[in-house]
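Note sheet for the following structure.
Order of listing sets the numbers, starting from 1, for every ligand and every atom in it.
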Amino acid sequence: MPAKLINGKVIAERIREDVKKQVSDRLAKGLIAPGLATVIVGNNPASKVYVRMKHKACEEAGILSVGHELSSDTPQEDVEALIKELNNDPKIHGILVQLPLPAGLDEEAVLSTISLKKDVDGFHPINIGRLAQKGRTPLFVPATPSGVMVLLEKSGTLIDGANAVVLGRSNIVGMPVSLLLVDANATVTICHSHTKDIPKIIRQADILIAAVGIPEYVRGDWIKPGATVIDVGVNRVEDETSKRGYRLVGDVNFEEVSAVAGAITPVPGGVGPMTIAMLLSNTLKAARLAGS
Ligand code: GUN
């Protein structure tokens, strides 16, 4: 039987509608709209596309969003000075510095400058550190990993006691999603570029999270029958039959894997929409934390 499709677009839409309703309830009570500031340093075209989508989603939810674009040669002190200004701006509840930063900037120092209460991306070292420790609760959890967890829950996947394999160990997805899975009582194996015999490890997985950025890397015969597969990859591959000249594929060979898995996310329409929905939800939470 082919895998059940986990429709991230529909699940994300419900979260966005819920945020929108709560924002309008705030306004009706005389509270100000939640405010998100985004910061892009440099000219990464993908970053610009992602940030544009975030602003559009904010607008649709009634969240104020203010974009800051700095040139790639902006000195460290100037990036940090902008963040300090945003930390002190009462209209701004959340600050998102789009990653990656240009080479030469100290990413950890930049992220550490963001006020903990405005760290809607959850990348401040203290928030990530709390995520990594038992009995500690971060104020914010990074958007893509928390979106992955929501998709697992909504698909009815049993996480407690499951064998979960995470492909990729990035700061943005692989590592934080591994921590969230451990926190949900899964047994987690992280695979990366130095891992030996990745197919053998994936065959043990009840849950597979693919976040390596290699188009259609995971093959159907690596999958344990009935496993839940969450594909975080968004890769462009040439396609002359498409108007744009390319199509988007995930890190998973969808045709092969969906014939074996129990449930799977599509690309596009799986994890991508969840990232934005969770960011909106975190921004609303930040406004509540500010008490304004
Ligand atoms: N770059 C890729 N994904 C993300 C994200 O979720 N947040 C930020 N800040 N940068 C990213």
Side-chain angles (χ1 to χ4, degrees), residues 8 12 15-16 36-58 63 65-70 72 74 79-80 82-83 86-87 92-103 105-116 118-128 131 138-151 166 168-180 209-214 230-236 248 250-251 267-268 270-283 285-286:
I15 295 171
R16 285 170 63 160
L36 174 73
T38 64
V39 179
I40 299 185
V41 191
N43 281 313
N44 184 318
S47 289
K48 291 197 174 185
V49 172
Y50 288 134
V51 168
R52 209 178 306 133
M53 286 163 69
K54 291 170 186 179
H55 283 283
K56 186 162 175 274
C58 281
I63 292 175
S65 68
V66 183
H68 297 267
E69 292 199 11
L70 302 177
S72 55
T74 306
V79 181
E80 291 180 17
L82 171 61
I83 292 171
L86 296 168
N87 282 342
I92 296 301
H93 304 101
I95 302 169
L96 179 146
V97 177
Q98 188 67 20
L99 302 174
L101 290 172
L105 286 176
D106 179 343
E107 180 185 298
E108 187 181 340
V110 168
L111 297 175
S112 304
T113 309
I114 299 173
S115 156
L116 263 189
K118 297 193 177 189
D119 180 35
V120 285
D121 241 346
F123 293 144
H124 188 294
I126 291 182
N127 273 324
I128 286 289
L131 191 63
L139 277 175
F140 297 99
V141 175
T144 304
S146 56
V148 167
M149 297 305 286
V150 171
L151 292 177
V166 178
R169 53 176 162 175
S170 70
N171 289 343
I172 291 174
V173 184
M175 199 49 80
V177 87
S178 303
L179 297 169
L180 286 170
I209 315 294
V212 273
I214 306 174
I230 307 288
D231 191 349
V232 185
V234 184
N235 309 291
R236 279 184 186 193
L248 295 179
D251 291 349
V267 176
V271 175
M274 294 302 291
T275 298
I276 291 185
M278 302 320 284
L279 172 68
L280 299 184
S281 170
N282 279 351
T283 305
K285 180 178 175 184

Practice item. Report the part of L99 (side chain from C-beta onward, or backbone N, CA, C, O) that has a heavy atom under 4.0 Å from ligand 1; answer both or neither where that applies. Key: both
Practice item. May I ask you to identify, for Y50, whether its side chain, its backbone, both or neither come under 4.0 Å of ligand 1 on a heavy-atom basis? Key: neither
Review point. How far is atom 5 (C) of ligand 1 from its nearest protein heavy atom, and which residue and atom name does that atom have?
Key: K54 NZ, 4.0 Å
Study note, to complete from the structure: Heavy-atom closest pair (N127 atom, G122 atom, distance to 0.1 Å) is CB-O, 3.9 Å
Study note, to complete from the structure: A student comparing D121, L279, V234, V173 should find that the heavy atom closest to atom 6 (O) of ligand 1 comes from D121
**Study point:** Polar proximity ligand 1 side, I172 side, N/O cut 3.5 Å exclusive
**Key:** no
Exercise for review: State, with a plain yes or no, whether a side-chain heavy atom of T38 is found less than 4.5 Å away from one of H68.
Suggested key: no
Check your understanding: Which atoms of ligand 1 are found less than 4.0 Å from any heavy atom of V97?
Key -> 8 (C), 9 (N)
Exercise for review: Consider every N or O of Q98 and every N or O of ligand 1, then say whether any pair is closer than 3.5 Å.
Suggested key: yes
Point to revise | Contact check, side chains of P138 and I128, non-hydrogen atoms, under 4.5 Å | key: no
Practice item. Could you check if a side-chain atom of V271 sits within less than 4.5 angstrom of a side-chain atom of V148, using non-hydrogen atoms only? Key: yes
Practice item. Count the heavy atoms of every other residue, nucleotide or ligand shown that sit under 6.0 Å from CG of D106, and state whether that count exceeds 12. Key: yes
Exercise for review: Can you establish whether the number of heavy atoms outside N235 located under 6.0 Å from its atom CG is more than 12?
Suggested key: yes
